[in-house]
Every structure is written in structure tokens, then in C-alpha cells.
Amino acid sequence: MSETPPSPDRLIIRRPDDWHVHLRDGEMLRAVLGHTARQFGRAIVMPNLSPPVTTVARAISYRDRIIAALDPGAAFEPLMTCYLTNETDPDEIERGFKDKVFAACKLYPAHATTNSEHGVTDIRNIHSVLERMQRIGMPLLLHGEVTDSAIDIFDREAVFIERVFSRIAADFPALKTVFEHITTADAAAFVESSGPNVAATITPHHLRINRNAMFEGGIRPHFYCLPVAKRERHRLALRRAATSGSPKFFLGTDSAPHAIGRKEAACGCAGIFNAPFAIESYAATFDEEGALGRLEAFASEHGPNFYGLPQNTDRILLERGSCAAPERIKAGAEELVPFHAGETLPWRFAGKAGGSSEPA
Ligand code: NCD
Ligand code: ZN
């Protein structure tokens, strides 16, 4: 924790990291990367490209493209993940982890979300992979939803705990596991009651919206993401978990940009593009909960501690003041609608606050 007590108008915190982000590729990557790199020291980069990042070679090449897309002088480290398939080779992931290419593996149940068609169809297919990950201490990142069409979409996370996560936890009790972008009180309680090797990320949007946001006055595609927002009681449980000070919960935006035409469509893509105002959004939430003093631990300390990585040593400054989010943001030839579009947030990111930019 920082020695500086939070003041009402200025907050200096250790530079945060984003433990779950979709940076995409090509022109979209070049358009969105700066929003993440401006605020965060590092980010866990999701591998759901097309084709997905399933090998060490693909991860190195993707990492190179990310680094090439950074503004000159930007201090930002992409942490790469391996997309698990039914065919993943345990030796390949171990090699990537030992060579510090892969920070973790991501499990997408097949057909759960964007570009997940190559995902795992049955957890039994990756038994030897999970065994190896447990042995070498490599984290498993879970998209925690079942894909059974008989299960109501709002229940898919809770049923995942019962059908899949509890089995993984029983079979691999020492496996480091992150329940990504949790959306329910059930998930928060499951993580809280699990051992220290089980943690969760929480997005800015699931702390601010409930499922009504998708239907307010008409269908609102920019509030549609997966896992889908749930009832108000779940949002309140997530706010309690995020601001509790528990080391099991940390920042992961799940920023997932899709060009406006792919959102505002008869079959719109899932994903909320929250990177431009992510830390401002979390700051507003923590402020509302009277927990600004716990923002730094959630945003900048619990994540690296869980991953076994050093905390960033540089600091950022947040100032109370109006931060107006535009309706649209240019992304090459496309446009994106950011989370908080048209709103004014009460905290603004005011840049670096001194200190070295290298991790300790
Ligand atoms: C993500 C995407 O678009 O890549 N979408 C989303 O709604 N979060 C995929 C994912 O994380 O589920
Ligand atoms: Zn995601």
C-alpha cells in the first residue's frame, strides 16, 4: 500500500496493470493500444485473434506487433497468453512459460464468446495440460460460462462453477486459476471461499451496470458483453468484492473493441470498449463506495502479487474533476463507442506522478 493517504481531490497510486484486455490486431490494434498503454504498465493480452494465439511462435509474433504499434517511448509491457484448444501440447506451453513468452493460458469453452470456436469442448481433453500447468505454476485464466443452450444465459456463470470450475478445483487443487470478468455474487463467493491459488478479475462495466442497461428505452448494443451483465444484487456483490481489500480480486477491464457497425447490427458482437476511461471508471466506483484508499491495492498490487510478478514502481496521478467521455472514438477507418460515452466522470487520469518507469 502507498504511504500517501488518499486526499479528496488528488490520488497518487502505483501504476496499475490491466489483467485482461483484448488488443486485437492490425489497424484496430494501432487504434486502441494507446488507450491501454497510457494508463497501465502491463496488460494480460487475450489470445482470441483469428487465427488464435495457440503457439509460442504466434505469441512472439503478436507481441512484436503490439510493441511495434506503441508510441515511441511508451513504457508498456504486453504479457501474452496461450489459447487452449483440445490439441494443446503441454510441452509447448511449458516452453513458452519458461521462456517468459506466455504469462498464462486462457480457457475458452468452445463457442462461449468471440472467436472461441477453437476452444476446448470438454475439460477432460486438456487434463495433461492442466496437470503440467499446476506443476510449473502457470496460471489458468477461465472464461467461466457453460455453453449448454438449455441453460439460461444469465445462469451460465453460476452453472460453470458447479459443472466445471469445482471439478478443476478438485482435480488440480494447487493450480493457479483466475476466474475472469466475474459477474455474479456466486462467482465472488466461490472465489472468496477457495484457496489463495484462486482469484478473479472484475471489469469496470460490471461494477457500474446491471442487465437493465441493455434494454433502457430500447436495445442498447454497447452495453452487451459476455459474460452478460446480471441483476442488481450481483452488481452490488461485485462492488463489495472489488472494494473489500481481499487480495483475490483485481483489475481486469475486458476492454473488447468492436467497430460500431459490428455492434449496431442485427447480430451484434459482444464486448464493451472501456479502455479509454478505465481507471477513471474504477476510481468513480471506489469513490462512491468510500473505498478510494483501496483502489491502489485492487488496481496495482493484487494482480502482480497473484501472478508472482513485481509491482510497478512508478506512480500515476488521478485528479477529481470533470472527465468528459466522447460519443465516439476514431479507430482508423472505423469508429468505436467507448464505455461511458456522453457521460462526465468525476475523476480524471492526469498522467505520471514521478518515479522510475521500470518494474522493480
Ligand atoms: C470478448 C471479445 O470481444 O473478444 N467479448 C466480450 O464480450 N467480453 C470476448 C470475451 O472476453 O468474452
Ligand atoms: Zn475478455
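Side chain to side chain, Ser128 and Arg132 fail the donor-acceptor criterion of an N or O pair below 3.5 Å. There is no side-chain donor-acceptor pair under 3.5 Å between Glu289 and Thr243.
The residues Glu280 and Arg348 are annotated as not salt-bridged, no charged nitrogen and carboxylate oxygen being separated by less than 4.0 angstrom. In this structure, Lys98 pairs ionically with Glu94, as a charged nitrogen and a carboxylate oxygen lie closer than 4.0 Å. Using a cutoff of 4.0 Å between basic side-chain nitrogens and carboxylate oxygens, Asp18 and Arg42 are not scored as salt-bridged. Between Arg320 and Asp287, at least one side-chain N (NZ, or NE/NH1/NH2) sits under 4.0 Å from a carboxylate O, which counts as a salt bridge.
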Evaluation steps, ring pair (Phe, Tyr, Trp, His ring centres under 6.0 Å), between His206 and His234: CA-CA 9 Å; His206 290 111; His234 294 292; over 10 Å; no
Full working for side-chain hydrogen bond (donor to acceptor under 3.5 Å, both in side chains) between Thr201 and Glu180: CA-CA 5 Å; Thr201 52; Glu180 296 292 334; 2.9 Å; yes
Pair Phe172-His127, ring pair (Phe, Tyr, Trp, His ring centres under 6.0 Å): steps then yes or no: CA-CA 9 Å; Phe172 306 96; His127 208 272; 4.9 Å; yes
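From Leu49, atom CG reaches atom CG of Leu29 across 9.0 Å, with rounding to the nearest 0.5 Å. Leu142 CG to Lys106 NZ: the interatomic distance, rounded to the nearest 0.5 Å, is 8.5 Å. Distance CG/Asp314 to CD/Gln311: 12.0 Å, rounded to 0.5 Å. The structure places CD of Glu301 at 4.5 Å from CD of Glu296, a figure rounded to the nearest 0.5 Å. Interatomic distance, Asn274 CG to Cys225 SG, rounded to the nearest 0.5 Å: 9.0 Å.
Put simply, the side chain of Pro52 does not reach to within 4.5 Å of the side chain of Pro47, judged on heavy atoms. Between Lys248 and Glu192, the closest side-chain pair of non-hydrogen atoms falls below 4.5 Å. Contact check for Arg24 versus His258: side-chain heavy atoms found under the 4.5 Å cut-off. Inter-residue side-chain proximity for His143 and Glu145 is flagged as met; some heavy-atom pair is nearer than 4.5 Å.
A donor-acceptor pair is defined here as one N or O able to donate and one able to accept, closer than 3.5 Å; no such pair exists between the side chain of Thr203 and the backbone of Asp254. The backbone N or O of Ala278 lies less than 3.5 Å from no partner atom in the side chain of Ser281, so there is not a single donor-acceptor pair. Side-chain atoms of Ser116 never come within 3.5 Å of backbone atoms of Gly119 as a donor-acceptor pair (strictly under, hydrogens ignored). Using modelled atom types, one side-chain atom of Lys263 and one backbone atom of Gly271 make a donor-acceptor pair closer than 3.5 Å. With hydrogens and angles ignored, the 3.5 Å screen pairs no side-chain donor or acceptor of Glu319 with any backbone N or O of Trp347. In this structure a side-chain-to-backbone donor-acceptor pair under 3.5 Å is missing from Asp17 to Ala43. The main-chain N or O of Val56 is found under 3.5 Å from a side-chain atom of Glu92 such that the two form a donor-acceptor pair. At least one donor-acceptor pair under 3.5 Å links the side chain of Asp122 to the backbone N or O of Arg124. Without hydrogens or angle criteria, Asn197 side chain to Lys176 main chain gives no donor-acceptor distance under 3.5 Å. The backbone N or O of Ala242 sits nowhere less than 3.5 Å from a side-chain atom of Ser246 that would complete a donor-acceptor pair.
The six-membered or imidazole ring of Phe76 lies away from that of Phe40, with a centre-to-centre distance of 6.0 Å or more.
Residue Arg231 qualifies as open at atom CZ: its count of foreign heavy atoms under 6.0 Å is 12 or below.
Evaluation of the ring pair (Phe, Tyr, Trp, His ring centres under 6.0 Å) rule for Phe306 yields Phe250 as partners, not counting sequence neighbours. Partners of Thr177 according to the side chain to side chain donor-acceptor pair (under 3.5 Å) rule, which considers only residues two or more places apart in sequence or in another chain, do not exist here.
Just one residue in the list Phe102, Phe97, Trp19 forms a ring pair (Phe, Tyr, Trp, His ring centres under 6.0 Å) with Tyr307, and that residue is Trp19.
Annotation for Asn115 and Asn48: closest pair ND2-O, 2.9 Å, computed over non-hydrogen atoms. Residues Arg14 and Ser300 approach most closely at O-OG, 2.7 Å, considering heavy atoms. Gln134 and Leu175 make their closest contact through OE1-N, 3.3 Å (heavy atoms, listed as atom of the first residue, atom of the second, distance). Here the closest heavy-atom approach between residue His35 and residue Ala31 is recorded as CD2-O, 3.6 Å. Residues Val120 and Ile126 approach most closely at CG2-CG2, 3.9 Å, considering heavy atoms. Between Ser244 and Ala241, the closest heavy-atom pair is OG-O, 2.7 Å.
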Without placing hydrogens or testing angles, list every side-chain donor-acceptor pair under 3.5 Å for residues 158-166, not counting sequence neighbours.
residue : atom : partner : partner atom : Å
Arg163  : NH1  : Asp148  : OD2          : 3.1
Ser166  : OG   : Ile161  : O            : 2.9
Ser166  : OG   : Glu162  : O            : 2.8

When the side chains of residues 210-218 are checked against the rest of the protein, which donor-acceptor pairs come out under 3.5 Å, sequence neighbours left out?
residue : atom : partner : partner atom : Å
Asn210  : OD1  : Asn212  : N            : 2.9
Asn210  : ND2  : Glu232  : OE1          : 2.8

If you look only at distance, which donor and acceptor atoms sit under 3.5 Å apart when one is on a side chain in residues 327-337 and the other is two or more places apart or in another chain?
residue : atom : partner : partner atom : Å
Arg328  : NH1  : Glu335  : OE1          : 2.8

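Residue Phe277 belongs to a hydrophobic cluster whose other members are Leu345, with links defined by side-chain heavy atoms closer than 4.5 Å.
Ring orientation note: the planes of Phe339 and His205 are nearly perpendicular, at an angle over 60° on the 30°/60° scale.
Cluster annotation: Leu236 and Phe190 are assigned to distinct hydrophobic clusters (Ile/Leu/Val/Met/Phe/Trp/Tyr, side-chain heavy-atom contacts under 4.5 Å, transitive). The same ILVMFWY cluster, assembled from side-chain heavy atoms under 4.5 Å apart, contains both Phe249 and Tyr282.
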